[in-house]
Amino acid sequence: MTIIRGATTIENDCKEEISASVKELLDEIFSVNALKKEDVSGFLFSLTTDIHSYHPAKSARECGYDFAPLFACTEPEIDGGLKLCIRLMLFTELMENRSVKHIYQKGAKILRKDISEVYNIALDGPAGSGKSTVAKALAKDYDILYLDTGAMYRACGLKALRLGIDVKDETAVKEMLQTINLKVEYQGGKQHTILDGEDVSTAIRENAVSMVASTISAHPVVREKMVEMQREIAKGTSCVLDGRDIGSVVLPNAKYKFFITADSKVRAMRRYKELLSRGETVDFDKLHAEIIARDKQDSERAFSPLIQAKDAVLIDTSDMDIESVLKAIKAVIQSKI
Ligand code: DC
């Protein structure tokens, strides 16, 4: 079940205005969301207490929206609330992963802060802590974007690998950056990392890229470029970002910050299973040693290291499944809305 919200206002409490506004609101919700009759399970209107002259559910029925149950009720009066306002919750059976647009007309405002404000959720932590799984699930539940910032450093690392550049050589890396064409695109809500015109979303996940990405990401020149892109994306859109320095450097003002960690053996086991499922053969002990080395390198670099921001909530996922982690994070978010 997905809910689409909408609201409109009228100037005078009269039947004609109520009917015209309800029709206009419904027409826009349907056209903007490309809704079909069969997608809809019900309409719930609510009215401010200053509207008496007509029933918006009746208006909706009269203009053809009679194919699903309709109901209307009066809202309690709220200090500072809008005058002469009609709100709507439309229940649909749209595919869960399809994003919806809420419609607010004629000065009506969204009162739910979580869907009205642009807000960011910062998830930082070491490799294999479960950040990306949690970030994807949160983005889906809140219907916001997921930005995997590690993918951007991985793309830089991949380019260096392919060109045979020594990733420790700052001058060579700087030169490489001058010609890099890196883009983050979204198709059906899924992030695609485009390097010099090629979709490298799968290639960057190879284990060989991990350490190279960590080494290249230590150069300030690389970080400055990536951070600028990340801030640009996060500025205009609510999103969940996962990385190492999101809460501390990229978005120090992010509304919600979490530091997700887990015991290194647990993290290595998760990565091990993930790589095996992708057909990569790896040795567990070697992988564990690599994860420890990567943590050390990411945490000890001089510029923008992996660090728990002072105001980030720490979550140790060693003994938690994804559902419990999500529950814990959502409880914190809910308490801050
Ligand atoms: O999250 P990941 O494993 O995909 O990240 C790969 C490397 O990129 C990681 O070892 C360090 C670096 N990185 C970073 O320095 N800052 C970020 N915000 C994200 C990743």
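Because the structure is predicted, anything quoted here is derived from the model rather than measured. Ligands are counted one by one from 1 in listed order, and the atoms in each one are counted from 1 as well. Counting from 1, the numbers follow the sequence of the chain as shown.
Residue S217 approaches ligand 1 through these ligand atoms, each under 4.0 Å from one of its heavy atoms: 11 (C), 12 (C), 15 (O). Those atoms of ligand 1 with a heavy atom of R271 less than 4.0 angstrom away are 3 (O). Counting atoms of ligand 1 from 1 in the listed order, those under 4.0 Å from a heavy atom of D245 are 16 (N), 17 (C), 18 (N).
Of the options R154, R294, R223, the smallest heavy-atom separation from atom 7 (C) of ligand 1 is shown by R294. The option from G150, G157, S214, C156 that lies nearest to atom 20 (C) of ligand 1, judged by heavy atoms, is G150. Comparing heavy-atom distances from atom 14 (C) of ligand 1 across R244, R205, K131, Q297 singles out R244 as nearest.
Under a 4.0 Å heavy-atom criterion, R301 is in contact with ligand 1.
Remark: Y65 OH to L90 CG distance equals 9.5 Å, nearest 0.5 Å. Of the inter-residue distances, the one linking T8 atom OG1 with E24 atom CD reads 6.5 Å to the nearest 0.5 angstrom.
The pair R267-D295 counts as a salt bridge, with a side-chain nitrogen and a carboxylate oxygen less than 4.0 angstrom apart.
Nearest protein heavy-atom neighbour of atom 8 (O) of ligand 1: Y153 CB, 3.5 Å. The protein heavy-atom contact nearest to atom 19 (C) of ligand 1 is T149 OG1, 3.4 Å.
Under the 30°/60° scheme for interplanar angles, the aromatic rings of F30 and F43 are found to lie parallel.
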- [ ] Apply salt bridge (charged side-chain N to carboxylate O under 4.0 Å, His left out) to K286 and E290, showing your working.
- [x] CA-CA 6 Å; K286 189 165 167 261; E290 275 171 14; 3.6 Å; yes

TODO: For the pair I315 and V134, evaluate side-chain contact (heavy atoms from CB on, under 4.5 Å) and give the outcome as yes or no after the intermediate values.
DONE: CA-CA 12 Å; I315 302 202; V134 171; over 6 Å; no

- [ ] Apply side-chain contact (heavy atoms from CB on, under 4.5 Å) to the pair I103 and L88, showing each step before the final yes or no.
- [x] CA-CA 9 Å; I103 303 295; L88 168 65; over 6 Å; no

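No part of Q230 comes within 4.0 Å of ligand 1, judged by heavy-atom distances. Contacts of M211 with ligand 1, taken as heavy-atom pairs under 4.0 Å, are absent altogether.
Looking at Q230 and T149, their side chains never bring a donor and an acceptor atom within 3.5 Å of each other.
Considering both main-chain and side-chain atoms, D242 never comes within under 3.5 Å of ligand 1 through any nitrogen or oxygen pair.
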